[in-house]
Amino acid sequence: MATDPKSAIENALRAALRQEAPQFADAPIVLERPKQAGHGDFSSNVALQLAKMLKKNPREFANALISQISLDIVEKPEVAGPGFINFRLKAGSKTGAIRRVLEEGRDYGRARQAQPQKMQVEFVSANPTGPLHVGHGRQAALGDAIAALLEWQGHAVTREFYYNDAGAQIENLALSVKARANGVRPGDAGWPEEGYNGEYIEDIAREFVAKDGDKTNLDAIRQFAVAYLRAEQDVDLQAFGVRFDVYYLESSLYAEGKVAGVVKAWSDNGKTYEQDGALWLRTTEYGDDKNRVVRKSDGTYTYFVPDVAYHVTKWQRGFKKVINVQGTDHHSTVTRVRAGLQALKLGIPQGYPDYVLHNMVKVMRGGAEVKISKRAGSYVTVRDLIDWVGRDAVRFFLVSRKADSEFVFDVDLALEKSEENPVYYVQYAHARVCSVFAQWGGDPGSLSGADLNRLANPRELTLSQRLAEFPELVATAAREHAPHSVAFYLRDLAGEFHSYYNAERILVEDEALRAARLALCAAVRQTLANGLSLLGVSAPEKM
RNA sequence: GCGCCCGUAGCUCAGCGGAUUAGAGUAUUGGCCUCCGAAGCCAAGGGUCGUGGGUUCGAAUCCCGCCGGGCGCGCCA
């Protein structure tokens, strides 16, 4: 079992620091991988960081530190530039990662948690009033990947979908379907003021009538329409490869009295007041810029009350960490929900819950923005995208950018020139390795005994090092809720593999060298597969 | 007007407070298949990191102003 070289170096530096500058023994130690090969494999700037506070010359201090270090996995450390300490790994210690990947297999990159926490990621949470649009697609891809990242960090993660099935928009849905069922079309007299105009309304109306539905029974229509759309969304999510553990219905919060309970608790805590016939919550006491109405003068609650009630259940269900994935257009709710939770005085932490807010998705095709979908009318649906470019491409694309960046989804890039699609580049690397193994025909299990010291050329060592980075990359991506870094890593890894593959032959005559190269390839394949699975993208053996 | 986010190569985007050339992809140009998959590789050109200050030994990165863009500022959800 090889120790991870990076932590070994870090430990050695820490020990040296304890000797040379005990007062900073706990200072953060940053080890980065230099861009330029000439600067070694790892580089640290601790000496520069601490020199000022120590009132010492950075280079002298760096020299003092390295005089304390003796590690058998690296050559002698060097002081460079203004005071960087550069470490160059001995060739043998670079390939350790290969063995580790092969040993851990599908678990390579996973961390064990001494005390796993219950966590929850809430995402999509689309109202059952229409098909899922591209924004939901981005949320689905992001949320699912974030959930996977947290699972890989050893936590118990629940994927949850919240259905706003109790609000006014459901009423509008029912009215729209009823109007359609009775032959009233958008624009006609009698069409609901805030009705839904998409063609899917017509579909629902037709099916409702076909089932001998009573065209005057609004309750029956509402039930039918919600069930219809929920089923349709489920089909889309399934096609997208996203599965939820819990579907939470807003209506159940009312049914169980939780909404009224929240308002009562606020009142009991003295956080509310009456004004203009409405009941207000003093959210300004918790960072909001104005107080908010919680019970309207007509006696109904504003939408954010059930939202708070919902989050109380998350806390009470034991989720210590909750991440809500939402569009930035909802960012004003963040402060409100947190304030509402604080005002209950239930001991819920101040920053609860966490949010990942994502920007909007713009779909481009043929050089122009696509805004119209045949099904939905006013927006492009997830189904449209999957139909156009396939599930893997959609998922990879949608997580391959930071959540807060505006996303331009270029259908032409993914469709007409599909070979230039980044996801194929990564999948192709995986398929290539598979192909080599098929050609070879040997038993992969036999590779565990390969002499990895035979791997000496720079491309092999670079690849090995890249493999070694994966677990830390996953950990960082999980901590920062940033699955896009996994996508970038995979591209880099695939790129280095393609270069290697082009420059060197794997299936050489020399048996020992062949075994070593195959071991490296097997590790690359495994790491690619693990990374792709994190993103919900398949790793095909042939394409 | 106020709040949050964004502004890096023609286009789409990475970039951890650090070391002469700021990175990918794509697009453009020129090479590489008697050889394990050319959906690939190699090479070239292309950037005052929106702008003006400040902090620092050092700023694309941190702080402030300005310009440009997005989103939000309901007894809507």
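A note on names: the letters A, B, ... follow the listed sequences, proteins ahead of strands, and every chain is numbered from 1.
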Between B/C49 and B/A9, how far apart are the two C1' atoms, rounded to whole Å?
10 Å
Looking at B/G70, does its base get a donor-acceptor pair with the side chain of A/N359 below 3.5 Å?
no
Please state the P separation for the pair B/G70 and B/C13 - nearest whole angstrom.
15 Å
Counting the atoms with a prime plus P, OP1 and OP2 as sugar-phosphate, which does A/H498 contact under 4.0 Å by heavy atoms, base, sugar-phosphate, or nothing?
sugar-phosphate
Expressed in whole Å, how much space separates the P atoms belonging to B/G1 and B/G10?
31 Å
Which is true for A/R491 with a 4.0 Å heavy-atom rule: it touches a base, it touches only sugar-phosphate, or it touches nothing?
sugar-phosphate
Watson-Crick and G-U pairing of RNA chain B, under 3.5 Å, as dot-bracket with | and [ ]
(((((((..((((.........)))).(((((.......))))).....(((((.......))))))))))))....
May I ask you to say what A/M360 touches in the nucleic acid, namely base, sugar-phosphate or nothing, with a heavy-atom cut-off under 4.0 Å?
nothing
Counting the atoms with a prime plus P, OP1 and OP2 as sugar-phosphate, which does A/S435 contact under 4.0 Å by heavy atoms, base, sugar-phosphate, or nothing?
base
Pair A/T381-A/D384, side-chain donor/acceptor within less than 3.5 Å
yes
Check every strand shown and say whether A/S297 touches a base, only sugar-phosphate, or nothing at a heavy-atom separation below 4.0 Å.
base
Ignoring hydrogens and angles, are the base of B/G18 and the side chain of A/N45 linked by a donor-acceptor pair under 3.5 Å?
yes
A/F497: what forms a ring pair (Phe, Tyr, Trp, His ring centres under 6.0 Å) with it, not counting sequence neighbours?
A/Y501
Grab the CG-C1' distance between A/N291 and B/G74 for me, whole Å please.
15 Å
I'd like to check the ring pair (Phe, Tyr, Trp, His ring centres under 6.0 Å) partners of A/H498; sequence neighbours left out, ordered by chain and number.
A/Y425, A/Y428
Base, sugar-phosphate alone, or nothing: which one does A/E504 contact when heavy atoms must sit under 4.0 Å apart?
base
Acceptor/donor pairs from residues 480-487 of chain A side chains to any protein atom, 3.5 angstrom cut, sequence neighbours excluded:
| residue | atom | partner | partner atom | Å |
| --- | --- | --- | --- | --- |
| A/H481 | NE2 | A/K321 | NZ | 3.4 |
| A/S485 | OG | A/A482 | O | 2.9 |

Hey, does A/H330 reach any base, or is it just sugar-phosphate, or nothing, if we go heavy atoms under 4.0 Å?
base
Could one point to a donor on the side chain of A/S485 or the base of B/A14 with an acceptor on the other under 3.5 Å away?
no
Would you say the base of B/G18 stacks on A/F84 (centre-to-centre below 5.5 Å, plane angle below 30°)?
no
Minimum-distance nucleotide to A/S332 side chain [options: B/G72, B/G74, B/C13]
B/G72
A/K402, nearest nucleotide to its side chain (from B/C71, B/G15, B/G70)
B/G15
For A/Y500, the ring pair (Phe, Tyr, Trp, His ring centres under 6.0 Å) test, sequence neighbours excluded, returns none
What is the distance, to the nearest angstrom, from the NE2 atom on A/H358 to the P atom on B/G72?
13 Å
All side-chain contact (heavy atoms from CB on, under 4.5 Å) counterparts of A/Y273, not counting sequence neighbours
A/Q275, A/W280, A/R282, A/N291
Under 4.0 angstrom, heavy atoms only, what part of the nucleic acid is A/A431 near: base, sugar-phosphate, or nothing?
base
